**Q** 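My questions all concern the structure below.
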Amino acid sequence: MENRAPVRLGILISGRGSNLQSIIDAIERRELSAEIKIVISNRPGAAGLARAEAKGIPVRTIDHRRYQSREDFDRALIQALRAHEVELVACAGFMRILSPLMIEAFPNRIMNIHPSLLPAFPGLNAQQSALDHGARFAGCSVFFVTAGTDDGPIIAQAVVPVMPGDDEASLSERILDQEHRIYPYAISLFQQGRLVVEGRRVIILDAPRLKDLNAMLNPPLRS
Ligand code: GRF
């Protein structure tokens, strides 16, 4: 694979920013060739802003409550992202639905991460929904954002088992560990020019193969 320039990222957050941190860390470890041009929060004082500031990354707060409509808010987002010459937008715990305006401004250039094995459990409280449903497996998905909620072409997923005695906190933590692995990886595939969107599917060029065609069973057949 040819050497490409670092991808210019804009990261959108609303809160804690642990996925943002995983992206920062992957860049520092040189596992991801990227430059974070700007981190934007729609919530003033979001903890993730401090993580970015600590690394000297430019931050902005664009408070959605100060805009009349979703479109006006998105226009402000687009302007800030363009001003920083962002190529790829990564939503990382960003709790706003994007309007078609934003999606058309960055077609197949907006990623998001969701704490479920999509298309199961889109929307809020995905981990609790998996527990309530009695699922034996849960996980997380990185996908390209489209108009529907958590509905876009899936780039990468990680599966975790639901364990006896799990509650929302324990399951969320197990899933979050995997989010921190697959999000930087999905971005690196983009940076390498290896993601081709064909309808609902994302083709990964030169995709690594699963070593063994292992099924995962939960519970295992014998204990
Ligand atoms: C993560 O679980 C992510 O999947 C979801 O919101 C949470 C954000 O966590 N979209 P953080 O702000 O990245 O720590």
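Remember, predicted model here, so these are calculated numbers, not experimental data. The analysis underlying the following values was restricted to heavy atoms, covering all of them including side chains, and did not include hydrogens, waters or symmetry mates. Numbering of ligands and ligand atoms starts at 1, following listing order.
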**Q** Does ligand 1 have any N/O atom under 3.5 Å from a protein N/O, and what are those pairs and their distances?
**A**
{"residue": "ligand 1", "atom": "2 (O)", "partner": "E179", "partner atom": "OE1", "Å": "3.3"}
{"residue": "ligand 1", "atom": "2 (O)", "partner": "E179", "partner atom": "OE2", "Å": "3.0"}
{"residue": "ligand 1", "atom": "4 (O)", "partner": "E179", "partner atom": "OE1", "Å": "2.7"}
{"residue": "ligand 1", "atom": "4 (O)", "partner": "E179", "partner atom": "OE2", "Å": "3.3"}
{"residue": "ligand 1", "atom": "9 (O)", "partner": "R16", "partner atom": "NH2", "Å": "3.0"}
{"residue": "ligand 1", "atom": "10 (N)", "partner": "I113", "partner atom": "O", "Å": "3.1"}
{"residue": "ligand 1", "atom": "12 (O)", "partner": "G17", "partner atom": "N", "Å": "2.8"}
{"residue": "ligand 1", "atom": "13 (O)", "partner": "S18", "partner atom": "N", "Å": "3.3"}
{"residue": "ligand 1", "atom": "13 (O)", "partner": "N19", "partner atom": "N", "Å": "2.9"}
{"residue": "ligand 1", "atom": "13 (O)", "partner": "N19", "partner atom": "ND2", "Å": "3.0"}
{"residue": "ligand 1", "atom": "14 (O)", "partner": "R16", "partner atom": "NE", "Å": "2.5"}
{"residue": "ligand 1", "atom": "14 (O)", "partner": "R16", "partner atom": "NH2", "Å": "3.3"}
{"residue": "ligand 1", "atom": "14 (O)", "partner": "S18", "partner atom": "N", "Å": "2.8"}
{"residue": "ligand 1", "atom": "14 (O)", "partner": "S18", "partner atom": "OG", "Å": "2.5"}

**Q** Can you see whether N125 engages S129 through a side-chain donor-acceptor pair at a distance of less than 3.5 angstrom?
**A**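 Distance-only check fails for N125 and S129.
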**Q** When rounded to the nearest 0.5 angstrom, what is the spacing between NE2 in H84 and CD1 in I38?
**A**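 Reported value, rounded in 0.5 Å steps: 4.0 Å.
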**Q** Between the side chains of R75 and D72, is the shortest nitrogen-to-carboxylate-oxygen separation below 4.0 Å, so that they form an ion pair?
**A**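 Result for this pair is yes, salt bridge flagged.
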**Q** Going by an N to O cut-off under 4.0 Å, is there a salt bridge joining E28 and K55?
**A**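 Looking at E28 and K55, the cut-off is met.
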**Q** Name all residues meeting the ring pair (Phe, Tyr, Trp, His ring centres under 6.0 Å) criterion together with F121; count only those two or more places apart in sequence or in a different chain, and write none if there are none.
**A**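 If we apply the ring pair (Phe, Tyr, Trp, His ring centres under 6.0 Å) test to F121, skipping adjacent residues, the hits are H133.
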**Q** Quick one about T146 and D151 (side-chain donor to acceptor, distance below 3.5 Å, no hydrogens or angles considered), yes or no?
**A**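 D151 vs T146: no donor-acceptor pair found between side chains.
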